[in-house]
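Side chains included, hydrogens not; waters and symmetry mates left out as well; all remaining heavy atoms used. No experiment lies behind these values; they were computed from the predicted model shown. Residue numbers start from 1 in every chain, and the chains themselves are labelled A, B, ... in the order their sequence lines are given, proteins ahead of strands.
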Amino acid sequence: EDKVVQSPLSLVVHEGDTVTLNCSYEVTNFRSLLWYKQEKKAPTFLFMLTSSGIEKKSGRLSSILDKKELFSILNITATQTGDSAIYLCAVEASTGNTPLVFGKGTRLSVIA
Amino acid sequence: DAGVIQSPRHEVTEMGQEVTLRCKPISGHNSLFWYRQTMMRGLELLIYFNNNVPIDDSGMPEDRFSAKMPNASFSTLKIQPSEPRDSAVYFCASSGWSSYNEQFFGPGTRLTVL
């Protein structure tokens with residue numbers, strides 16, 4: 001059975017700290033790994049990773065994939081209170097337009 | 001583009017009542033997904049459609065749940081009869097045909113069954 005495990009489940013940091021969120025997966029016919037940010041409403045897309053070792057970057061957020069060890073990390077530097085959210089990792093298996101398998105998420109709280 | 005549209009945004013109902021959740025995917029997208037999110041279980045796929053055809057409904061918890069997609073711009077998720085354990089946020093997402101699968105989520109329907 002396809003599985004995505006995220007850690008930690010919850011994290012509280014001070015503004016300015018750097019955080020690393022982890023996502024490990026077991027899935028047949030891996031195609032891509034996606035990171036989403038969920039604040040009060042729906043998940044919003046952050047990154048899609050398909051190749052090992054290539055960092056994706058957007059502002060203070062970056063992510064990298066290791067297809068050999070089957071994991072990804074999401075880094076946030078100089079955290080701000082607006083980064084407080086649930087960060088979801090999802091994996092796509094097989095061909096396009098198939099369901100994503102989601103982890104349970106990491107709840108990040110950034111306090112001033 | 002308005003994005004994925006869901007209605008209602010919130011619903012509170014009594015146990016035993018029928019509940020119907022509605023979703024309008026992004027125009028041009030050919031896949032639609034229904035998810036349920038709870039604190040305990042996270043985000044779970046219930047059912048998904050490709051080109052209006054249900055592909056996999058193995059995530060639908062029981063016969064009380066049913067979903068339809070009569071056309072490319074509309075889908076419903078029905079729970080009949082509803083039970084308190086159905087309380088959750090129900091998300092609809094859609095994606096277009098491409099090599100990779102970026103799904104766009106609607107705002108969700110928060111369902112509370114008393």
Side-chain angles (χ1 to χ4, degrees), chain A residues 1-10 21 23-25 27-51 54 56 58 63 65 67 72 85-107 109, chain B residues 2-7 9-10 21 23 25-26 28-60 67 72 88-110:
Chain A
E1 183 183 334
D2 296 339
K3 189 167 64 171
V4 176
V5 178
Q6 291 185 246
S7 65
L9 291 180
S10 181
L21 310 182
C23 175
S24 63
Y25 62 90
V27 60
T28 52
N29 299 319
F30 173 89
R31 280 182 59 82
S32 65
L33 184 144
L34 296 87
W35 283 98
Y36 285 83
K37 178 182 181 182
Q38 184 177 21
E39 295 175 86
K40 294 181 180 177
K41 297 181 181 178
T44 54
F45 174 78
L46 291 175
F47 297 112
M48 177 184 289
L49 303 157
T50 57
S51 302
I54 298 175
K56 291 270 182 110
S58 176
S63 184
L65 174 68
K67 289 167 74 172
S72 173
I86 296 173
Y87 290 84
L88 294 165
C89 173
V91 173
E92 179 194 10
S94 193
T95 56
N97 281 12
T98 56
L100 297 174
V101 179
F102 280 87
K104 292 193 176 180
T106 294
R107 182 180 294 273
S109 299
Chain B
V4 176
I5 298 172
Q6 288 186 249
S7 64
R9 296 294 301 276
H10 300 270
L21 312 181
C23 175
I26 291 172
H29 281 186
N30 67 322
S31 291
L32 183 141
F33 307 82
W34 281 102
Y35 292 92
R36 175 172 69 175
Q37 187 176 39
T38 61
M39 288 288 289
M40 291 295 294
R41 300 174 68 90
L43 203 59
E44 303 172 280
L45 177 73
L46 299 176
I47 185 171
Y48 78 103
F49 298 82
N50 277 352
N51 297 316
N52 312 340
V53 176
I55 303 300
D56 183 354
D57 65 356
S58 59
M60 298 283 259
V89 179
Y90 290 81
F91 287 104
C92 175
S94 70
S95 66
W97 181 254
S98 67
S99 299
Y100 299 104
N101 191 6
E102 180 186 339
Q103 294 182 11
F104 295 84
F105 283 76
T109 295
R110 181 175 292 279

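- Q37(B) touches chain A through its side chain: at least one heavy atom from C-beta onward sits under 4.5 Å away, while N, CA, C and O do not.
- Contacts of L43(B) with chain A are made by both backbone and side-chain atoms, with heavy-atom separations under 4.5 Å.
- Shown here for A42(A) and G106(B), the closest heavy-atom pair between the two residues is CB-O, 2.6 Å.
- Interface residue L88(A): only side-chain heavy atoms are found under 4.5 Å from chain B.
- E92(A) places none of its side-chain heavy atoms less than 4.5 Å from the side chain of Q103(B).
- Note that CZ of F102(A) and CD of E44(B) are 12.0 Å apart. Values are rounded to the nearest 0.5 Å.
- With a 4.5 Å cut-off on non-hydrogen atoms, R110(B) does not touch chain A at all.
- The shortest non-hydrogen separation linking M40(B) to K104(A) is O-NZ, 3.1 Å.
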